[in-house]
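These values consider heavy atoms only, across backbone and side chains, with no hydrogens, waters or symmetry-generated copies.
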Amino acid sequence: MVTRLSDRIAGEQAALRRVATLVARAAPPEEVFAAVAEEAGRLLGAHHAWMTRYEPDGAATLVATWSSTGAAVPAGTRLSPGGRNVYTLVFQTGRPARIDSSTDAPDPVADLAREFGYGVAVGVPVSVEGRLWGVMIVASPQGEPLPADSEAWLAGFTELVATAIANSQARVELRWFAGEQAALRRVATLVARAAPPEEVFAAVAEEAGRLLGAHHAWMTRYEPDGAATLVATWSSTGAAVPAGTRLSPGGRNVYTLVFQTGRPARIDSSTGTSGPDCEVASELGVRTAVGVPVNVAGRLWGVMVVSSTQEEPLPAGTEARLSGFTELAATAIANAEAHAELAASRARIVATADATRRRIERDLHDGAQQHLVSLTLQLRAVQPAAPSGVGELVRQLDEVATGLVEVLEELREIARGLHPTILAECGLRSAMKALADRSAVPVRLDVRVEGRLAEPVETAAYYVVAEALTNAAKHAHATAAEVQVAAGEGVLHVRVRDDGCGGADVTRGSGLTGLKDRAEALGGRLALHSPPGEGTTLQVQLPVEQAGPTAAGAAGPAAANSAQAVPPW
């Protein structure tokens, strides 16, 4: 008896050691389950052994089976809950259970017992981190009882199984976390470099869909009436809903639920759903979906949705994982809105400044200049009437008249600098020629602009050329300059090159800074290339729309991204 017990203990230790080795080397759980079923069945002299995982409703799915007879219940078999059997007893009590004889009562497990010829069974719970995960069962034919202490012997195996499951879950969670962080980092990089919102939306949809193992992912913007417009879509099946699709409000679906509550929503079954969204989902075979709101500056902007064509619900933590992506999307939207507001504000400032200059120029022309002209004419009219013998007085009057003419010319020059009249009256081509004629540096001029452009664009181009030519003469000591102005594909290109000393820098707070601000306020950009000793090239690109033959200010600037067009020279 002592020898038999000693042999059994030795056998148990060897069996546990073999299983523990698998656990220690992080073998896949399925391999551990199979090894436990076989080791436990052999150790206890059983004919059958199963490792079974519980479903939330108490049903049991066999994840590993072993049989000494060769007639094993196949892995994957699902046993419905209920009846008097070890599966149900362990699920109900959370404690070990034993059946010493089979029953004739209707029972799926009893049917299996009769089919495979066993009538005695022992089950021991498998608990992982304090929750009931499954049950380990050994069974033998009726009349061949299992050892009285089978429950205690099985406990050692179930503890190893629980460790393997916990380790596997930890590894899965770690991989999830690493994948999630990598995905979020890729999206965050786009946000940090101020990528267009459309690019961020597309990245969010793809990264979230891939990370969560979804079949479809959508980023959707709400309209005031609750309708939803898809701004980005992704699909692992190739059957994606096109961006721009508009879904009408109403029905039971995640779009409407999120809009109504402002909170995450999920649909775990397509049964009972309704609305246009569900028609689209039905076409794609979608059965489950999760939606998370996208909030921007405290207001509901849209919803991020992932969906699956499988019957199984999306993982319980899907909402939390999606929130990281929606926060980044919200940041991108807020940044884009702030950038648009800043650009609009800068454009208003530029427009206001130009309007103020025009008003001052008109005031000078209609007021001070006309007054000076009148005084000069009056003085010239008085001079012939002076009596003889007052030559000195006549000379002084002539000096005063000459001085008035000089002041008038200076005032006209100031007015021309405030707002060039020739630009307003004759357009960009004539204004460029006037600048070239007045330049202290010889200029080769090439202007290819037909008709009139929007007034802010023409004004910006004028000041770019005027500032560049002034700098070429005053600071660069250039001997020649070239001005090229051309409009094409919705963009006005302005380039000024000189052969001066170079070394110009936009960041030094010169007039170039103001030109850069003016260009960017109109949605354009300014580039400067000025290596020391190699001359300076100033290039500006401005989005434009033709203003028509007469109304220069009738049209606004085109989209800023058109400023990437290639210049026509």
Side-chain angles (χ1 to χ4, degrees), residues 180 183-184 186-192 194-212 214-236 240-267 273-281 283-284 286 288-308 314 317-341 559:
E180 180 182 37
L184 289 171
R186 287 189 289 269
V187 176
T189 300
L190 293 178
V191 176
E198 295 75 15
E199 184 178 350
V200 176
F201 298 158
V204 165
E206 180 175 357
E207 294 288 359
R210 291 189 185 281
L211 178 71
L212 295 167
H215 293 139
H216 303 280
W218 301 286
M219 177 70 71
T220 306
R221 182 188 69 244
Y222 283 124
E223 308 299 340
D225 62 353
T229 300
L230 272 64
V231 296
T233 67
W234 172 86
S235 173
S236 64
V241 183
T245 299
R246 188 179 189 274
L247 303 173
S248 299
R252 181 178 176 271
N253 51 72
V254 289
Y255 298 97
T256 302
L257 291 174
V258 172
F259 182 78
Q260 292 172 343
T261 66
R263 297 191 299 271
R266 73 163 48 221
I267 298 292
T273 56
S274 61
D277 165 47
C278 299
E279 296 173 7
V280 173
E283 293 177 5
L284 298 175
V286 169
T288 62
V290 170
V292 174
V294 179
N295 294 302
V296 179
R299 61 183 172 83
L300 181 62
W301 181 91
V303 59
M304 176 70 211
V305 178
V306 292
S307 61
S308 173
L314 289 162
T318 299
E319 291 87 343
R321 292 186 180 278
L322 274 180
S323 64
F325 291 100
T326 58
E327 289 173 3
L328 286 171
T331 299
I333 296 164
N335 289 349
E337 290 180 347
H339 180 76
E341 291 174 1

Chemist: Below 4.5 Å, heavy atoms only, C-beta onward: do Thr220 and Leu247 meet side chain to side chain?
Modeler: no

Chemist: Drop me the distance from Ser308's OG to Leu212's CG, to the nearest 0.5 angstrom.
Modeler: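 So the gap between those two atoms works out to 11.0 Å.
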
Chemist: Phe325: which residues meet the ring-ring contact (aromatic ring centres under 6.0 Å, His included) condition with it, sequence neighbours left out?
Modeler: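 ring-ring contact (aromatic ring centres under 6.0 Å, His included) list for Phe325, sorted by chain: empty.
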
Chemist: Counting C-beta onward and ignoring hydrogens, is there a side-chain heavy-atom pair between Thr331 and Val200 closer than 4.5 Å?
Modeler: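 Of all side-chain heavy-atom pairs linking Val200 with Thr331, none is under 4.5 Å.
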
Chemist: Can you tell me how far apart NE2 (His215) and OG1 (Thr288) are? Round to the nearest 0.5 Å.
Modeler: 9.0 Å

Chemist: Could you tell me which non-hydrogen atom of Val306 sits nearest to which non-hydrogen atom of Ala214, and how far apart they are?
Modeler: CB-CB, 3.9 Å

Chemist: What heavy-atom pair brings Ala265 and Leu257 nearest, and what distance separates the two atoms?
Modeler: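 Closest pair (atom of Ala265, atom of Leu257, distance): CB-CB, 3.7 Å.
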
Chemist: Has the side chain of Thr256 got a donor or acceptor atom that lies under 3.5 Å from a matching backbone atom of Asn253?
Modeler: no

Chemist: Decide salt bridge (charged side-chain N to carboxylate O under 4.0 Å, His left out) for Glu319 and Arg321; before the verdict, give the C-alpha distance in whole Å, the side-chain angles of both, and the deciding distance to 0.1 Å.
Modeler: CA-CA 6 Å; Glu319 291 87 343; Arg321 292 186 180 278; over 6 Å; no

Chemist: So which heavy atom on Met304 is nearest to which on Val294, and how close?
Modeler: N-CG2, 4.0 Å

Chemist: Donor-acceptor pair, distance only, cut-off 3.5 Å: does the side chain of Arg266 make one with the backbone of Leu314?
Modeler: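 At least one qualifying donor-acceptor pair exists.
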
Chemist: If I take atom OG1 from residue Thr233 and atom CE from residue Met219, how far apart are they, to the nearest 0.5 angstrom?
Modeler: 11.5 Å

Chemist: Is the shortest side-chain heavy-atom distance between Phe201 and Ile333 below 4.5 Å?
Modeler: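 With C-beta onward as the side chain, the pair touches.
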
Chemist: List for me each residue that meets side-chain contact (heavy atoms from CB on, under 4.5 Å) alongside Pro293, sequence neighbours excluded, and say none if there are none.
Modeler: Val258, Pro264, Asn295, Leu300

Chemist: Determine yes or no for a side-chain-to-main-chain donor-acceptor pair under 3.5 angstrom, with Tyr222 supplying the side chain and Tyr255 the backbone.
Modeler: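 Yes.
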
Chemist: Looking at Ala205 and Ala217, what are the two nearest heavy atoms and their distance?
Modeler: O-CB, 3.2 Å

Chemist: Please determine whether side-chain contact (heavy atoms from CB on, under 4.5 Å) holds for the pair Val204 and Leu190, giving the CA-CA distance in whole Å, both sets of side-chain angles, and the decisive distance to 0.1 Å.
Modeler: CA-CA 10 Å; Val204 165; Leu190 293 178; over 6 Å; no

Chemist: side-chain contact (heavy atoms from CB on, under 4.5 Å) for Val290 and Val254? Distances and angles first, verdict last.
Modeler: CA-CA 7 Å; Val290 170; Val254 289; over 6 Å; no

Chemist: Taking atom types as modelled and ignoring hydrogens, do the side chains of Ser235 and His216 form a donor-acceptor contact shorter than 3.5 angstrom?
Modeler: yes

Chemist: Rounded at 0.5 Å granularity, tell me how far CH2 in Trp234 sits from CD in Glu207.
Modeler: 10.0 Å

